[in-house]
Amino acid sequence: MQKASLFENLEFNETKVAVSVLLKTSNSSEVRILLKKDQVMKEHQAPFPIVIEVFDGAIQFGVNGENQTLNRGDIISLDASVPHDLKGISDSIIRLTIHKNDTIERINSIK
């Protein structure tokens with residue numbers, strides 16, 4: 001059994017999106033993304049399906065050039081290789097579920 005908290009040790013970064021692995025299972029990794037208001041994760045693609053849940057705040061979520069607002073409690077899934085981007089509407093805590101073979105380094109490389 002593993003335990004983690006989305007709300008402990010929150011350290012928003014003024015200059016870049018803060019990304020950290022909360023825990024790993026045999027099938028996936030649970031990642032926390034701290035996105036400040038107006039911070040952007042440019043368009044990118046994941047090599048495996050992902051699930052994104054907004055735990056606090058609100059983001060603009062772009063998929064294939066179409067934007068939608070995701071608010072606290074909203075959850076969305078994407079298939080592999082779907083272009084998407086994120087922008088903070090407000091300071092936001094996001095939970096990202098990635099495949100066990102995906103890496104935090106790939107996520108951190110998104111500028």
Could you tell me which non-hydrogen atom of [X] sits nearest to which non-hydrogen atom of [Y], and how far apart they are?
X: Thr97; Y: Ser28; result: CG2-CB, 3.9 Å
X: Gly57; Y: Ser90; result: CA-OG, 3.4 Å
X: Pro47; Y: Ala80; result: O-CB, 3.5 Å
X: Asp74; Y: Thr69; result: OD2-O, 4.1 Å
X: Ala4; Y: Leu22; result: CB-O, 3.7 Å
X: Ala18; Y: Glu11; result: CB-O, 3.7 Å

If you measure from [atom1] on [X] to [atom2] on [Y], what distance do you get to the nearest 0.5 Å?
X: Gln2; Y: Lys24; atom1: CD; atom2: NZ; answer: 10.0 Å
X: Ile50; Y: Ile98; atom1: CD1; atom2: CD1; answer: 9.0 Å
X: Arg106; Y: Asn101; atom1: CZ; atom2: CG; answer: 12.0 Å
X: Ser29; Y: Leu23; atom1: OG; atom2: CG; answer: 8.0 Å
X: His44; Y: Leu86; atom1: NE2; atom2: CG; answer: 6.0 Å
X: Leu35; Y: Ile93; atom1: CG; atom2: CD1; answer: 11.0 Å

Are side-chain heavy atoms of [X] and [Y] found at a separation under 4.5 Å?
X: Leu78; Y: Phe61; answer: yes
X: Lys87; Y: Val40; answer: yes
X: Ile33; Y: Val17; answer: yes
X: Met41; Y: Ile107; answer: yes
X: Val54; Y: Asn71; answer: no
X: Ile76; Y: Val51; answer: no
X: Arg32; Y: Leu10; answer: yes

- Apply side-chain contact (heavy atoms from CB on, under 4.5 Å) to the pair Thr25 and Lys100, showing each step before the final yes or no. CA-CA 7 Å; Thr25 72; Lys100 67 178 180 178; over 6 Å; no
- Are Leu6 and Phe12 linked, directly or through other ILVMFWY residues, by side chains that come within less than 4.5 angstrom of each other?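 Yes.
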- Using the rule that two of Ile, Leu, Val, Met, Phe, Trp, Tyr join whenever any of their side-chain heavy atoms come within less than 4.5 Å, decide whether Val63 and Leu70 are in one cluster.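 Both belong to a single hydrophobic cluster.
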- Item | SB check Lys36 Asp91 (cutoff 4.0 Å) |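 Asp91 and Lys36: salt-bridged.
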- Task: Take the angle between the ring planes of Phe55 and Phe7 and call it parallel below 30°, perpendicular above 60°, tilted in between.
- Result: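 Phe55 vs Phe7 ring planes: perpendicular.
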- Message: With a 3.5 Å distance limit and no angle check, can you tell me whether Ser92 reaches the backbone of Ile94 through a side-chain donor-acceptor pair?
- Response: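 No, the answer is negative, given that no donor and acceptor are paired below the 3.5 Å cut-off.
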- Query: Counting only N and O atoms by type, is there a donor-acceptor contact under 3.5 Å from the side chain of Gln39 to the main-chain atoms of Lys16?
  - Reply: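 Here the side-chain-to-backbone pair exists.
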- Task: Can you establish whether the number of heavy atoms outside Arg72 located under 6.0 Å from its atom CZ is more than 12?
- Result: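 Counting other residues, nucleotides and ligands, CZ of Arg72 stays at 12 neighbours or fewer.
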- Given Leu34 and Asn13, is the side-chain contact (heavy atoms from CB on, under 4.5 Å) satisfied, shown in steps? CA-CA 8 Å; Leu34 300 177; Asn13 188 309; over 6 Å; no
- Task: Begin with the C-alpha distance, continue with both residues' side-chain angles, and end with the deciding distance and a verdict on side-chain contact (heavy atoms from CB on, under 4.5 Å) for Thr103 and Asn108.
- Result: CA-CA 9 Å; Thr103 66; Asn108 276 322; over 6 Å; no
